[in-house]
Amino acid sequence: MAYWLFKTEADAFSWDQQKQRGAKGEPWSGVRNFQAAKNMKAMKKGDFGFFYHTGDERQIVGIVEVIGEYRKDPTDETGRFGLVDVKAVKDVPKPVTLAAIKADPAFADMVLVKYSRLSVQPVTDAEWKRICKMGGL
DNA sequence: GCCAACGTTGGC
DNA sequence: GCCAACGTTGGC
């Protein structure tokens, strides 16, 4: 079991939209970065991920589950990039802000802090547990 | 709205 | 295959 973090602008694709997709989930299309694609390739069905709103909010608002493993992204004309399918699992009752994460030394090495621009990131077991706790889960 | 960081592209 | 130029991202 591995953990991940999916970043999105609330304007482009929000947590509310993800929840509306229900059990069918949503293809995480549009990633055009090799490192992010590599992370998606490593995902297995049943892995969980944080759903992070960037932009004005900058906080983790939900939990998603990987329901479809890496496949070609039909929106990529070059055919180089792929996507996974994710479905909403639950809300994070108390959204965990970037500020709160940065303020905690336990997250000093977290990808979200060190390489903030990466859109699909790995999350360690320890980070996952700690953030769930902070989020009231 | 600015700027730093960094990934990608294209010329050589 | 290197590297400069450029574009984009995202935090502040």
* Go through the side-chain N and O atoms of A/Asp16 and A/Ser14 and say whether any donor and acceptor fall under 3.5 Å apart. =>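 A/Asp16 vs A/Ser14: no donor-acceptor pair found between side chains.
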
* Taking atom types as modelled, find out whether A/Arg117 and A/Thr54 have a side-chain donor-acceptor pair closer than 3.5 angstrom. =>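 Short answer, no.
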
Sequence neighbours left out, cut at 3.5 Å: what donor-acceptor pairs do the side chains of residues 87-96 of chain A make with other protein atoms?
residue: A/Asp91; atom: OD1; partner: A/Trp15; partner atom: NE1; Å: 2.6
residue: A/Asp91; atom: OD1; partner: A/Lys19; partner atom: NZ; Å: 2.8

* **Salt-bridge criterion met for A/Arg32 and A/Asp73 (N-O under 4.0 Å)** =>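 Here A/Arg32 pairs with A/Asp73 in a salt bridge, since their nearest N and O are under 4.0 Å apart.
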
* Output the distance between atom CG (A/Asp85) and atom CE (A/Met40), rounded to the nearest 0.5 Å. => 10.5 Å

* Structure fact -> Overall bend of the helix from B/dG1-C/dC12 to B/dC12-C/dG1 (five pairs an end, 10° steps) is 10°

* Which letters describe nucleotides 3-12 of chain C, given B = protein heavy atom under 4.0 Å from base, S = only from sugar-phosphate, - = neither? -> ----BBBSSS

* To do: Walk me through it: do A/Phe50 and A/Tyr3 pass the test ring pair (Phe, Tyr, Trp, His ring centres under 6.0 Å)?
  => CA-CA 8 Å; A/Phe50 290 126; A/Tyr3 299 108; 7.8 Å; no

* Asked: Do A/Ile60 and A/Leu98 come within less than 4.5 Å of each other through their side chains, counting heavy atoms only?
  -> no

